[in-house]
Chemist: 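The structure's right below; bear with me while I get my questions together.
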Amino acid sequence: MTDVEMKQDDKAEDKKSQEEKEKATPPPPPPSPTAEIKSNIALIERAVATIEPRYTLRVLRTLTALRKKLDDKVLQDAIEDVYPKDSAVKKALLSWLPEASAVDHSMDVDAAPTQSTPITSDPVPECEIYLRLLLIHHLLTSQSTYPKALELAQETVAKMQVLNRRSMDPLAARVWYAVERTYELAGELADARPLFLAAQRTASLRHDDETQASLINRLLRSYLHYSLYDQADKLVSKTTFPASASNAQYARYHYFIGRIKMVQLNYSAAHANLQQAIRRAPPPKVAPGFYQAVHKLFVVVELLMGDIPDRALFRHPVLEKALEGYFEIVKAVRTGSLSQFQTTLSKHAALFEADKTYTLIVRLRQNVIKTGIRRLSLSYSRISLRDICVKLHLDSEEDAEYIVGKAIRDGVIEGRIVHEKGWMECGGQKSGYGPEVAEVFQRRIGYCLELHNQSVKAMRYPLNAHRKELAAAEGAREREKELAKEIQEGGDLDDDEPLGDGF
Amino acid sequence: MAEDIVLPIPNLNLAQHYFTLSTPTLSHLHDNARKELLEGIKTDQMAPYYKIVTSTGILQLDQSILDSMEKANKEELDKFQEKLTEAEKTEGETEISDGLRARATYLTRIGDKDAAVEAQKLALEKTPGLGARIDIVLTLVRIGFFFGDHKLISDNLTKAEELIEKGGDWDRRNRLKVYQGLHFLSIREFKRGGGLFIDALSTFTAVELLSYNDFVALTVVANTLTLSRPDLKKKIIGAPEVNQVLPELPILADLAKNLYECHYDKFFIALATVEQTFLIPSRLLSPHTRYYVREMRILAYNQLLESYRSLTLESLAAAFGVSVDFVDTELSRFIASGRLHCTIDKVHGVVETNRPPVKNAQYETVVKQGDVLLNAVQRLSKVLY
């Protein structure tokens, strides 16, 4: 995952240079980043005022796009405009930006009073945190400012904890993400763990679901980064992942669980979790890194379960290149050739090491044989152990018997060994349309119902909206009554006037 | 229309020879191909193409030939330019477009890809008649075929289709079918390509693209694979157009007839011969050779197994004229990948067929497509949050 994020950063830089070019040309892009930040601040204020976290969420949704457009100038302008002239917060915030652009600064100050005279008091503290979040993201774009970012992150966290406001929770969740990135880029991810653990405890006490979800993922990631699967597993078993977490957090969570389960040899659980992660993930074009990372594991799990992943998967434009090495492994497993598997493994060893899938792929060696057996079990209703030996290049019939026995025991194939006669019978024609069909459908129905319930929960009913409707209905009834009256009376009084108006 | 006969430019035979020469396994055909290629280049004065060919080391560069051809090219082009300027000065739209077209045609003939595409596009803009415009687009498709440029082909095929929808005559309509069919064959869409070829069988005129015999051969190859047995009889074996040519193509006749008449041993021999003498040397079909041969074998196995509930491996092997081991490995491979529906009892040497219930397949599609739908719904639900 890390490599892709780096790529994103690169892209961000590209974008920025593009942005600068665009700025040079007369027509600037319609909403300038500064304006965007300002409107976002307004939204946050509204969210705090109306106690509606939905507005904050809307702000955060633009974060990724906005992040790419940030630079010193934009942030400076935004801070200048949002805060009154001699605000302590403003000074504190501005101190994080380099002094190099001091010239612009003074010019802006001249211009500022005319524009923003109405601002007299500081906006809500949420805005400060939001700006800090932007600052951290900005400082993370270049290597030289990492220590600064780290300092700022620590300070922000401290501030957040002191403020302790519920309306800040969605923002806090994002800040934690930024904090983690900071620690990781500074190479001190392990140091952050106690901080996260403490924060997680507080968050769960306060029923702060967003932050909790974010922190659990942060912790899992940090454990898995150092391959501490045991601790990660304990964390998972001791915590409950908040049900109201956002899709993105859920996708991450499922991905981490998938990884843990995979290492613990619980392949079917891993498979289910990874599938969930894929389902929850944003579309591949938006977050290619996550999509690739999940699919890498997914392919390996499918192989470990004795299935062969779909060929079309490897033609997917986002995945094609990233999964190249895995595709070769799949080919080797599919043909059941150990030698080909071995050469591919050594050829792509570095890649697999980097993806942390090497140890998993080494496990596949058994699977190459298993896949061979599975194929045999599909093709043959009865086959002698001798033939199995020949077909799979095994040493002796006893070997074959053990391997087949294990495969049957593991549920890879259905069948039995007739020891006296020395052959394997592959159990019944799997009709495929048996009792498990109901189960498969039930799982999907359950999923749909769950989704429905969640959607209903997520619907919003503005306060007192129904009263308005009632009033409207009342008014309509009143009008109707009047109308009826008029018709009755009007009919007597002036016959010549058409009644058309009433109808 | 100035020219009712569409000239065979660029000469697609040359592309075939070029392919032959660049494939080392076809060395027995090299001598002939080299001669023909050089001959063709000289007749059409294809200096730019000659340069491409020699740069890949297929032909030895002969500077004198190149110089003379380049000189001739230049003279011709100058002449066209002269005519064109004259036409622009004194004459009307028709003459200008004629001039442009003549120049584009010449550029196409000498195999200067980029210049030719440019010139043809320019001519396309300036040409008023629908028929002539369709001709130009089809020429662009031919350039695409010549240089193996799939994007150029597919872009222009859609364009041609649009133009013909607007009101092309029958001749051009049929011609387009052949072009489309050929394109489909080259991208392994045998079913669609074969269908189009059958439609165009009785009205084939697109000799500028491929000769009639080649056309019939491709029709037989594509449709033997995709048509069901009754259709094969009706549309291929019984078709007079095919019967007329088939004596000249005895291997293909063997292929289709033996498959239809269930002489599987002869069919296998014919298939192997077709692979060696027809598919591998063909520029369009060689990438699909393995696929084609495999699919044909599956077709034959299926056709045989359809008639039996169970049969011994020996009789199966005898029917196909191969060894028991070969049949065994083949069948086990195809069964495991779900292409054949039977199981082998290796101990008793019996193959038992089982019909896959339709319900099962439907169930699998429901689950598969349902999952895609669920993913989409999940994404939609985000709108609410």
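A, B, ... follow the sequence lines: proteins, then strands. Residue 1 opens every chain. Side-chain atoms are counted along with the backbone in the values below, which use heavy atoms only and exclude waters and symmetry mates. Everything quoted here is computed from the prediction, not taken from an experiment.
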Chemist: What distance separates A/Ser381 OG from B/His348 NE2, expressed to the nearest 0.5 Å?
Modeler: 9.5 Å
Chemist: Within a 6.0 Å radius of atom CD on B/Glu306, are there more than 12 heavy atoms belonging to other residues, nucleotides or ligands?
Modeler: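 Counting neighbours around CD of B/Glu306, 12 or fewer heavy atoms of other residues, nucleotides or ligands fall under 6.0 Å, so no.
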Chemist: With a sphere of 6.0 Å drawn around CZ of B/Arg188, does it hold more than 12 non-hydrogen atoms of other residues, nucleotides or ligands?
Modeler: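 Atom CZ in B/Arg188 is crowded, with more than 12 foreign heavy atoms closer than 6.0 Å.
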Chemist: Would you check, one step at a time, whether the test side-chain contact (heavy atoms from CB on, under 4.5 Å) holds for B/Val377 with A/Leu451?
Modeler: CA-CA 9 Å; B/Val377 170; A/Leu451 190 68; 3.1 Å; yes
Chemist: Tell me whether B/Arg309 at atom CZ has more than 12 heavy atoms from other residues, nucleotides or ligands lying less than 6.0 Å away.
Modeler: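 Atom CZ in B/Arg309 is not crowded, with 12 or fewer foreign heavy atoms closer than 6.0 Å.
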Chemist: Once side chain to side chain contact (heavy atoms under 4.5 Å, CB included) is applied, do any residues pair with A/Val368, and if so which ones, sequence neighbours excluded?
Modeler: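 Applying side chain to side chain contact (heavy atoms under 4.5 Å, CB included) to A/Val368 gives A/Val333, A/Leu338, A/Phe341.
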Chemist: More than 12 heavy atoms of other residues, nucleotides or ligands under 6.0 Å from CZ of A/Phe441: yes or no?
Modeler: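 Yes, CZ of A/Phe441 has more than 12 neighbouring heavy atoms, counting only those of other groups under 6.0 Å.
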Chemist: For A/Ile257, check side chain to side chain contact (heavy atoms under 4.5 Å, CB included) against everything at least two apart and list the hits.
Modeler: A/Val236, A/Tyr253, A/Lys261, A/Asn273
Chemist: Taking the side chain as every heavy atom from C-beta outward, state whether A/Ser379 and B/Leu331 have any pair of such atoms under 4.5 Å apart.
Modeler: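 A side-chain contact under 4.5 Å is absent here.
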Chemist: If we define contacts as heavy-atom pairs under 4.5 Å, which of A/Gln275, A/Arg375, A/Arg279 has the most with chain B?
Modeler: A/Arg279
Chemist: Have A/Tyr380 and B/Asp328 got a donor and an acceptor in their side chains that come within less than 3.5 Å?
Modeler: yes
Chemist: Atom OG of B/Ser332 and atom CG of A/Asp387: how far apart are they, to the nearest 0.5 Å?
Modeler: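 With rounding to 0.5 Å, OG (B/Ser332) is 10.5 Å from CG (A/Asp387).
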Chemist: Any side-chain heavy-atom pair from A/Glu425 and B/Val347 closer than 4.5 angstrom?
Modeler: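 No; the side chains remain at least 4.5 Å from each other.
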Chemist: About how many Å separate CZ of B/Arg333 and CG of A/Leu378, when rounded to the nearest 0.5 Å?
Modeler: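 One gets 15.0 Å once the value is rounded to the nearest 0.5 Å.
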Chemist: If you draw a 6.0 Å radius around NE2 in A/His452, do more than 12 non-hydrogen atoms from other residues or ligands fall strictly inside?
Modeler: no
Chemist: Of the listed residues (B/Val351, B/Asp345, B/Ile335), which shares the most heavy-atom pairs with chain A below a 4.5 Å separation?
Modeler: B/Asp345
Chemist: Should we count CZ of B/Arg283 as having more than 12 external heavy atoms under 6.0 Å?
Modeler: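 Yes, enclosed.
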Chemist: With a 4.5 angstrom heavy-atom cut-off, which part of A/Lys421 approaches chain B: side chain, backbone, both or neither?
Modeler: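 When you check distances to chain B, no heavy atom of A/Lys421 falls under 4.5 Å.
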Chemist: Write down the atom of A/Arg444, the atom of B/Val367, and the distance for their closest heavy-atom approach.
Modeler: NH2-CG1, 3.6 Å
Chemist: Please classify the contact between B/Val366 and chain A as side chain, backbone, both or neither, with a heavy-atom cut-off of under 4.5 Å.
Modeler: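 Side chain of B/Val366 only, per the 4.5 Å heavy-atom cut-off to chain A.
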Chemist: Rounded to the nearest 0.5 Å, how far apart are CD1 of B/Ile344 and CZ of A/Arg382?
Modeler: 13.5 Å
